[in-house]
There are 2 protein chains.
Amino acid sequence: MASRAKATILDIAREAGVSKSTVSLVLQGSGLIRPETAVKVRKAIEDVGYVYNRGAANLRKAHSNVIGMVINDLTNPFFAELAVGMERVFQAAGVVPFIANTAENPVRQEEVLKSMMEQGVAGLIVSPARGTTPGAFRRIEAAGVPVVFAMRRLPESRIPAIAPDNHRGACLATEHLIRKGHRRLAFFGGSPDLVVYQERLGGFLEACEAFAIPVADRTIVEGETSRKGGMACLETALAISEPPTAALCFNDAVAFGVMLALRKRGLEAGTDFAVVGFDDVAEAEHYSPALTSVAVDTAGLGERAAHVMLKMIQSRTTRAEDHIGAVSLVVRESSGPDRGKQVGDAA
Amino acid sequence: MASRAKATILDIAREAGVSKSTVSLVLQGSGLIRPETAVKVRKAIEDVGYVYNRGAANLRKAHSNVIGMVINDLTNPFFAELAVGMERVFQAAGVVPFIANTAENPVRQEEVLKSMMEQGVAGLIVSPARGTTPGAFRRIEAAGVPVVFAMRRLPESRIPAIAPDNHRGACLATEHLIRKGHRRLAFFGGSPDLVVYQERLGGFLEACEAFAIPVADRTIVEGETSRKGGMACLETALAISEPPTAALCFNDAVAFGVMLALRKRGLEAGTDFAVVGFDDVAEAEHYSPALTSVAVDTAGLGERAAHVMLKMIQSRTTRAEDHIGAVSLVVRESSGPDRGKQVGDAA
DNA sequence: TTGATTTATTGGAACGTTCCATTTATAGGG
DNA sequence: CCCTATAAATGGAACGTTCCAATAAATCAA
């Protein structure tokens with residue numbers, strides 16, 4: 001049962017009285033082997049406590065069955081959800097994704113990518129860390145390993161990206177606020193080094209433009225994309241002379257921070273100040289007040305990214321189309337009371 | 001620059017006009033190489049776009065530098081934090097942890113563990129999925145690969161576990177509720193197939209015993225360890241004839257669910273019903289009302305687990321001591337108003 | 001100079017697989 | 001009975017590293 005030096009196919013071969021080639025064939029489920037022989041070999045495999053050595057196998061085989069998932073912030077439930085969506089697809093394809101966290105640190109990301117390459121991954125799905133340099137993936141591309149960006153993209157890169165329609169989402173949300181009657185609007189959180197920021201801010205501005213909100217009435221406050229960042233944004237915005245009455249936040253974490261800061265001031269999101277988030281994490285629905293947010297179908301995008309990756313591997317290409325996921329606005333309490341109810345209609 | 005067939009150390013050797021052995025030595029940072037030669041070789045490495053093949057190397061080397069982290073639920077920020085704590089330690093040790101998610105599914109866990117073993121991991125840190133069979137790790141132990149359990153342990157297993165002092169935490173929390181004047185107490189969420197559940201419930205019961213709370217006044221409601229589960233627990237508990245006035249919840253997710261259900265009934269946690277959570281996730285502090293919870297120093301436990309793992313690898317052993325992490329009760333609003341304030345003392 | 005010592009470099013044999021080209025066994029056709 | 005066809009099993013040469021033992025070159029002591 002217990003074997004000290006780890007068993008190899010040769011040990012199995014000896015145990016079963018066949019050749020190593022036969023064992024290899026059995027391991028690969030080849031149909032060339034007589035069923036009885038296969039049974040005998042499988043028993044020997046059990047007996048010697050064999051562990052398949054994929055490293056050795058990959059030395060000969062074209063490519064491995066592991067795919068790397070490099071995520072910039074695992075503690076953000078948003079990215080964890082993304083990871084889960086991908087896993088579903090990969091599992092069905094018999095591929096095991098290995099996840100690594102870069103903690104939003106480009107240096108760490110470099111190490112992680114290197115390590116995954118050395119491990120011989122068949123492909124990489126990456127949500128790049130903030131501040132990733134354009135050349136960070138050159139070597140990987142040169143090595144012919146397919147890469148897909150998920151949720152985030154890099155400014156000038158040929159690598160296919162799977163991301164939600166940030167521009168449209170922001171437009172939708174902003175329009176919603178304007179239709180609620182707000183005329184002084186804010187955009188909270190994020191910073192321009194993220195393409196996502198530019199897209200979302202772009203959508204915000206386009207909606208402002210479309211509804212002729214004067215530039216003076218648009219407040220843009222950059223900040224950390226966290227609760228803390230959101231709190232700071234609100235403070236900054238309320239300090240100006242004609243403060244905004246509503247805000248679209250870079251993401252839900254910022255929105256939660258804004259709501260927290262409101263409560264600290266004795267104000268309530270929805271009635272005193274309208275707040276809209278972005279991403280629609282699971283928590284948004286359960287918050288109090290429930291957060292209006294732009295739903296991006298995170299798990300769906302993860303699945304899509306995984307599918308694209310599998311296709312790239314299969315067709316041995318390093319190129320693929322971008323994919324822009326549909327978004328929708330989920331209206332809850334934080335963006336203000338439903339006007340429909342206020343007019344006092346029946347039902 | 002771009003090389004089609006991937007470059008090996010032989011290509012580097014040719015390019016640099018040295019032997020493959022020399023290249024290997026340079027790669028390992030050996031001091032035996034003349035600096036000028038090393039420089040020449042490193043240039044060649046750059047030029048041919050070389051990617052180190054760790055699989056091939058591991059064929060000869062004793063063991064690899066990858067450690068597997070197998071987590072039962074990545075979407076739970078609690079576990080993500082645990083992962084982050086471990087990563088900090090591993091990074092400093094030049095080890096890259098690969099994370100995989102089992103989604104609380106023992107079958108999936110089996111696959112994931114197998115895959116990691118095949119990949120030749122040097123060790124495994126596991127938070128076992130619910131329903132893991134006792135024998136699930138026998139093969140891994142037999143192969144001599146060190147395993148550490150984090151946060152959760154298995155009923156009858158010799159594998160070292162790093163976990164918080166669940167019993168004491170539950171005692172502390174229950175005592176807190178009793179001192180607040182509550183006499184009818186509930187324990188919400190979880191189920192007995194988890195050792196953690198037994199420990200926490202045990203602490204709850206011990207405190208009840210110590211303060212002579214009659215058995216009839218203890219309500220134990222099992223349930224999913226999620227918000228939804230928490231909501232259900234509260235409904236069940238409030239339906240009985242003499243309902244409890246306070247609850248210790250299996251974890252924070254359950255506690256959030258309980259608070260949500262309270263609000264749905266127009267009740268407020270803290271004033272109408274006392275709620276205490278367990279784990280003290282980051283969100284607890286920011287909830288409204290802020291959640292009283294048992295802090296377990298998640299990241300610290302992660303670091304500890306990583307250290308234990310490194311030590312096991314270094315000393316080539318598969319055995320280590322358990323480690324019980326200290327816990328503390330963080331009192332916030334959800335467990336009721338501060339009595340100290342109520343008596344109206346100064347300052 | 002010579003031999004001993006140190007410093008740099010190198011070939012070659014593993015490591016555990018896969019896969020091609022063979023070999024061996026089994027059966028069928030005439 | 002031989003020849004061919006099919007089925008089943010096998011040996012050996014890769015694959016890209018590491019590491020030992022050996023060599024070559026440089027340095028030193030005498």
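Chain A is the first sequence line, chain B the second, and so forth, proteins listed ahead of strands; every chain is numbered from 1.
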Will you find, in the side chains of B/Q119 and B/S115, an N or O donor that is under 3.5 Å from an N or O acceptor?
no
Identify the pairs formed between an N or O of the protein and an N or O of nucleotides 24-27 of chain C at a distance under 3.5 Å, and give each distance.
none

ring-ring contact (aromatic ring centres under 6.0 Å, His included) against B/F149, all qualifying residues, sequence neighbours excluded
B/F137
State which residues pass side chain to side chain donor-acceptor pair (under 3.5 Å) with A/R319; sequence neighbours excluded, sorted by chain then number.
none
Results of ring-ring contact (aromatic ring centres under 6.0 Å, His included) for A/F98 - residues two or more places apart only:
B/F98
Determine the contact category for B/T8: base if any of its heavy atoms lies under 4.0 Å from a base atom, sugar-phosphate if only primed atoms, P, OP1 or OP2 are that close, otherwise nothing.
sugar-phosphate
Describe the nucleic acid contact of B/S24 in one word from base, sugar-phosphate, nothing, applying a heavy-atom distance below 4.0 Å.
base
When all nucleic acid strands are considered with a 4.0 Å heavy-atom cut-off, which category describes B/L27: base, sugar-phosphate, or nothing?
nothing
Nucleotides bounding contact with chain A, strand DNA chain D, heavy-atom threshold 4.0 Å:
D/dA8 to D/dG16
Donor-acceptor pair under 3.5 Å, B/S21 side chain vs C/dG11 base:
yes
Listing request: all ring pair (Phe, Tyr, Trp, His ring centres under 6.0 Å) pairs with a residue in residues 5-62 of chain B, at least two apart in sequence or in separate chains.
none
When the distance from CZ of B/R14 to C1' of C/dT10 is rounded to whole Å, what number comes out?
16 Å
State, without any angle test, whether B/S24 and B/S21 hold a side-chain donor-acceptor pair at a distance under 3.5 Å.
no
